[in-house]
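Written below as structure tokens is the structure these notes are about.
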Amino acid sequence: MCALVEANLDLCQIPEDETVVLQAEATDFLHRQLRHSAEPWDIVFFDPPYAADYLTVLDNFGREAASLLGENGLLIVEHHHKNKLKDEVGKILRVRTLKQGDSALSFYEINP
């Protein structure tokens, strides 16, 4: 999967030094990031299997939003359109939902 994302970034002519593509269990990765005080992200795309529990990761983002997302950061969550995600989770707020067939994208920002 990472190779496909990398190939698409290349097609979009996005320099490799401006991106990091990783594949990992989301909850474990977020805990690791918080322990290492890593730089917050501008854009996060969360695309778990549709049967996965989204709430654990959303709760982590909501609780640690300032450490995980930059000032104008954006969390994009892909999910089945019938999976109704919360509009507000901790310190993040859904600002848009885009439905595409059976899929939907929910866009979350830090709640001002």
Distance-minimising heavy-atom pair for L58 and V77 | CD2-CG2, 4.0 Å
Begin with the C-alpha distance, continue with both residues' side-chain angles, and end with the deciding distance and a verdict on side chain to side chain contact (heavy atoms under 4.5 Å, CB included) for V57 and T27.
-> CA-CA 6 Å; V57 173; T27 306; 3.8 Å; yes
Common cluster, L9/V20, ILVMFWY with side-chain heavy-atom separation under 4.5 Å = no
In terms of heavy-atom contacts, A66 and P40 come closest through O-CB, 4.4 Å
Could you tell me the separation between the CD atom of E6 and the CD1 atom of I14, rounded to the nearest 0.5 Å?
-> 10.5 Å
Looking only at heavy atoms, which two atoms of L69 and V44 are closest? And how far apart?
-> CD2-CG2, 4.0 Å
Could you state whether F107 and F46 fall into the same hydrophobic cluster, counting links through intermediate Ile, Leu, Val, Met, Phe, Trp or Tyr residues with side-chain heavy atoms under 4.5 angstrom apart?
-> no
R94 versus S106, closest heavy-atom pair with distance = NH1-OG, 2.9 Å
Between CD1 on residue I110 and CG on residue L75, distance to nearest 0.5 Å | 10.5 Å
Run the numbers on E109 and I92 for side chain to side chain contact (heavy atoms under 4.5 Å, CB included), then give the verdict.
-> CA-CA 5 Å; E109 296 177 346; I92 59 172; over 6 Å; no
Interatomic distance, NZ@K91 vs CG@N111, rounded to 0.5 Å, equals 10.5 Å
Value for NE2 (H31) from CD (E25), rounded to nearest 0.5 Å, stands at 11.5 Å
Spell out, as yes or no, whether a donor-acceptor pair under 3.5 Å connects the side chain of H36 to the backbone of A38.
-> no
Applying side chain to side chain contact (heavy atoms under 4.5 Å, CB included), name anything that partners P15, two or more places apart in sequence or on another chain.
-> D17, E18
Could you tell me the separation between the OG atom of S103 and the NE2 atom of H79, rounded to the nearest 0.5 Å?
-> 9.0 Å
Please list all pairs passing the side chain to side chain donor-acceptor pair (under 3.5 Å) test where one or both residues lie in residues 54-69, with sequence neighbours left out.
-> D53-T56, N60-R63
Under a 4.5 Å cut-off applied to non-hydrogen side-chain atoms, are E16 and D10 in contact?
-> yes
Return yes when atom CG of L34 has more than 12 non-hydrogen atoms of other residues, nucleotides or ligands closer than 6.0 Å, and no otherwise.
-> yes
Rounded to the nearest 0.5 Å, what's the gap from CZ on F45 to CG on L105? Could you check?
-> 5.5 Å
If you take all heavy atoms of E78 and Y50, which pair is closest and at what distance?
-> OE2-OH, 3.6 Å
What's the shortest heavy-atom distance between Y108 and D87, and which atoms?
-> CE2-O, 3.9 Å
Does some side-chain heavy atom of F61 sit less than 4.5 Å from a side-chain heavy atom of L30?
-> yes
